[in-house]
Amino acid sequence: MKKTFLLILVLLTALVPVKADEGMWLPLLISSRIDDMQAKGFRLTAEDIYSVNKASLKDAVVRFGGGCTGEVVSPDGLLFTNHHCGYGQIQEHSTVEHDYLKDGFWAMSKEEELPNPGLTVSFLQSMEDVTDRVLKGYVPSMTNGQRDSLVQANSRIITDAINNQAKGIRSSVEGLYYANQYFLFVYKIYSDVRLVGAPPSSIGKFGGDTDNWMWPRHTGDFSIFRIYADKNNEPAEYSKDNVPYKPKRYFTISRKGVKEGDFTMVYGTPGTTKEYVTSDEVRYTGEVSDPEKIALRTMRLDIQKKYMSQDQAVRIQYSSKNASVSNAWKKWQGEAKGLARRKTVESKMDYEDRFRKWAENNQYKGLLEQISSLYERRNPYFRAQEYYNETVSTIELLTFASRVHSALKDGRPVETVADAFYKDYYQPIDEETFVAMMGAFDKQLSSAFKPAYHTQKLAQYGSLEAWRNDLFARSIFTDKDKVLSLTKEDLPKIETDPAYEMYNAYNQWYRKELQPTVSRLGQEINLANRRYMKAQMEFQPDKTFYPDANRTLRVSYGQVAGYNPSDAISYSPISTLKGIIEKDNPDIFDYNIPQTLRDIYAEGGHDDQPVCFLATNHTSGGNSGSPVLNADGELIGINFDRVWEGTMSDLAFDPEFCRNISLDIRYLLFVVEKIGHAQWLLDEMTFAD
């Protein structure tokens with residue numbers, strides 16, 4: 001066992017370069033990459049990036065909420081992230097009278113900053129290789145189930161000794177390289193995070209869905225928050241007595257700007273990547289999953305946009321929901337096209353042919369065939385699960401009925417659940433979505449993958465429209481007053497309500513008929529991939545294998561660079577305010593910029609005001625809001641997107657097309673000063689120049 005892990009560690013820390021700028025590197029092991037980083041222009045050391053003995057760059061980076069990154073930029077806990085990362089909080093504070101989505105929000109003092117219950121930021125305190133401790137007691141004769149139980153038990157012992165809710169300390173053990181190696185991550189979590197500033201959506205979301213994932217980009221995708229702590233600088237729930245957090249480290253801001261070829265480093269928490277899977281996974285993703293989910297979300301988006309365009313109140317209610325649906329929708333389009341263009345399936349199959357020949361006379365013979373067989377058995381069930389998630393689970397009334405039922409059953413107040421739901425609910429959208437989604441569910445899935453309840457209801461009503469009309473007419477969940485009057489004694493009545501009845505019928509079918517098979521075969525695939533990952537390391541001993549992203553802190557590095565997406569098209573890497581004015585259109589919501597911005601531009605001298613830039617850093621979902629740093633570790637931008645042609649980088653990185661898109665920090669400063677008139681925020685920042 002010891003020899004096996006020593007071999008893996010040698011492979012992990014090899015200094016053989018991979019393809020240009022590919023890789024999401026663990027900060028703890030960044031010393032293995034520092035020579036390459038410095039050769040490309042970086043002027044700091046590995047300990048400047050990550051250290052547990054002194055303040056380092058890691059101490060200015062946070063996981064923002066559940067799926068983004070942020071960076072601390074002042075000694076008073078001021079924090080930058082993306083507009084789309086803070087969108088939910090901005091929307092939550094918005095009303096028709098105070099439409100912060102449309103008009104923006106700027107606190108002019110700390111007293112005006114807005115609290116956000118439930119929002120947290122997490123600082124990584126340390127990370128450590130705990131493979132030996134996690135596998136203590138393991139012997140090769142154990143079954144996979146026994147190994148998993150051992151890993152869970154040992155991991156729990158490790159984390160239980162560290163976790164301290166009162167002090168905001170939480171830890172987790174994460175398996176890397178398909179659980180060939182385990183790392184401990186220790187976090188300190190702050191839960192008093194207040195909204196400080198946000199540009200109008202016409203800046204922060206400029207271009208909307210049309211420009212999403214595209215270049216050239218002109219989106220001022222930022223929002224500003226502040227972290228608060230108790231008088232001892234420790235985590236505390238919101239209180240008027242809390243004070244601004246004093247960070248160990250905050251980023252100095254560079255206003256020098258960027259040019260093509262400049263070194264860039266992204267320090268953030270990328271979501272999930274699958275760089276080492278077989279052609280089976282890639283084929284299913286690119287040829288089945290992505291196209292079908294795109295079609296389903298197109299229908300939902302069309303319905304939402306129709307009603308949002310007719311009513312400002314509905315637009316506010318559904319802005320965050322619509323953005324959430326459309327983000328993955330467009331990403332999947334680029335991913336499917338990118339996988340096809342790069343011929344990733346064919347490339348994987350060529351690699352697998354070479355692997356098979358190598359494995360012919362060793363312990364890995366037949367491994368690829370085993371993996372293919374597992375996918376063949378899993379895919380029909382997994383496809384049905386995806387349809388369930390993209391159709392039945394998107395009907396808002398059904399999921400709301402479930403949440404109310406759970407709240408009452410657990411003895412929790414219904415008011416909180418109901419207020420949040422009805423504030424952002426528009427029944428005509430839900431009714432039209434019901435017919436569209438249930439129609440797709442009925443048409444695209446075979447009878448073997450539909451619950452009996454579905455067939456019975458269609459037979460009973462004769463049409464989806466009739467079913468819809470009866471459900472929404474009879475359900476108490478369309479009436480807020482009736483819902484607020486419910487008590488725990490009403491649980492039997494709730495369970496016969498048509499909305500809860502429908503939710504429960506499909507959910508039970510999913511849990512009994514789909515989930516067990518998907519879960520069992522998924523575990524078998526993961527186990528096979530664990531062997532396959534180890535085998536690939538042995539097959540290619542001269543290759544450096546970076547771990548797939550898993551929402552833990554990573555470093556990626558590259559350089560400012562344009563690209564050529566297709567024949568006769570060449571993109572420069574920097575966009576400017578001039579491009580915003582060229583796109584400005586008062587008749588189109590996503591391109592209708594504030595009049596103030598038009599007036600500023602008309603004054604002259606702002607043609608070259610930078611807005612966004614491209615670089616070659618390897619990023620993924622979760623990197624939204626990540627700090628983009630220059631060769632001296634100074635903040636030059638905020639990462640917020642990838643180019644459409646390169647979104648397949650979660651499965652296969654292509655150095656010719658994979659580009660991350662970042663907000664130039666100078667545009668953020670420009671908007672704060674010229675649009676927000678919030679000079680007091682700039683005064684607390686530190687500038688390199």
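For the single chain, residues carry numbers from 1 onward in sequence order.
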With rounding to the nearest 0.5 Å, note down the distance linking [atom1] in [X] to [atom2] in [Y].
X    : Y    : atom1 : atom2 : value
T399 : F477 : OG1   : CZ    : 11.0 Å
I638 : S626 : CD1   : OG    : 10.0 Å
M214 : T210 : CE    : OG1   : 9.5 Å

Test: R341 cationic atom under 6.0 Å from F657 six-membered ring centre, within 45° of axis: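 The answer is yes, since R341 meets both limits relative to F657.
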Is the [atom1] atom of [X] crowded by more than 12 outside heavy atoms at less than 6.0 Å?
X    : atom1 : result
K583 : NZ    : yes
K578 : NZ    : no
K450 : NZ    : yes

Distance flag, aromatic centroids of F449 and Y387, threshold under 6.0 Å: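 No, the ring of Y387 stays outside the 6.0 Å limit from the ring of F449, centre to centre.
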Near-ring test F441/H454, centroid separation under 6.0 angstrom: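 Close enough - the centres of the two rings lie under 6.0 Å apart.
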Parallel, tilted or perpendicular: ring planes of W467 versus Y461, cut at 30 and 60 degrees: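 Answer is parallel, since the angle falls under 30°.
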Aromatic ring pairing F421/F400, orientation class (parallel under 30°, perpendicular over 60°, tilted between):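 Plane angle under 30°, so parallel.
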Identified side chain to side chain contact (heavy atoms under 4.5 Å, CB included) partner of N660 from the options D641, N623, V266: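 It is V266; the other options fail the test.
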Member of H618, R642, R659 meeting the side chain to side chain donor-acceptor pair (under 3.5 Å) criterion with S649: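 Single pass found, and it is R642.
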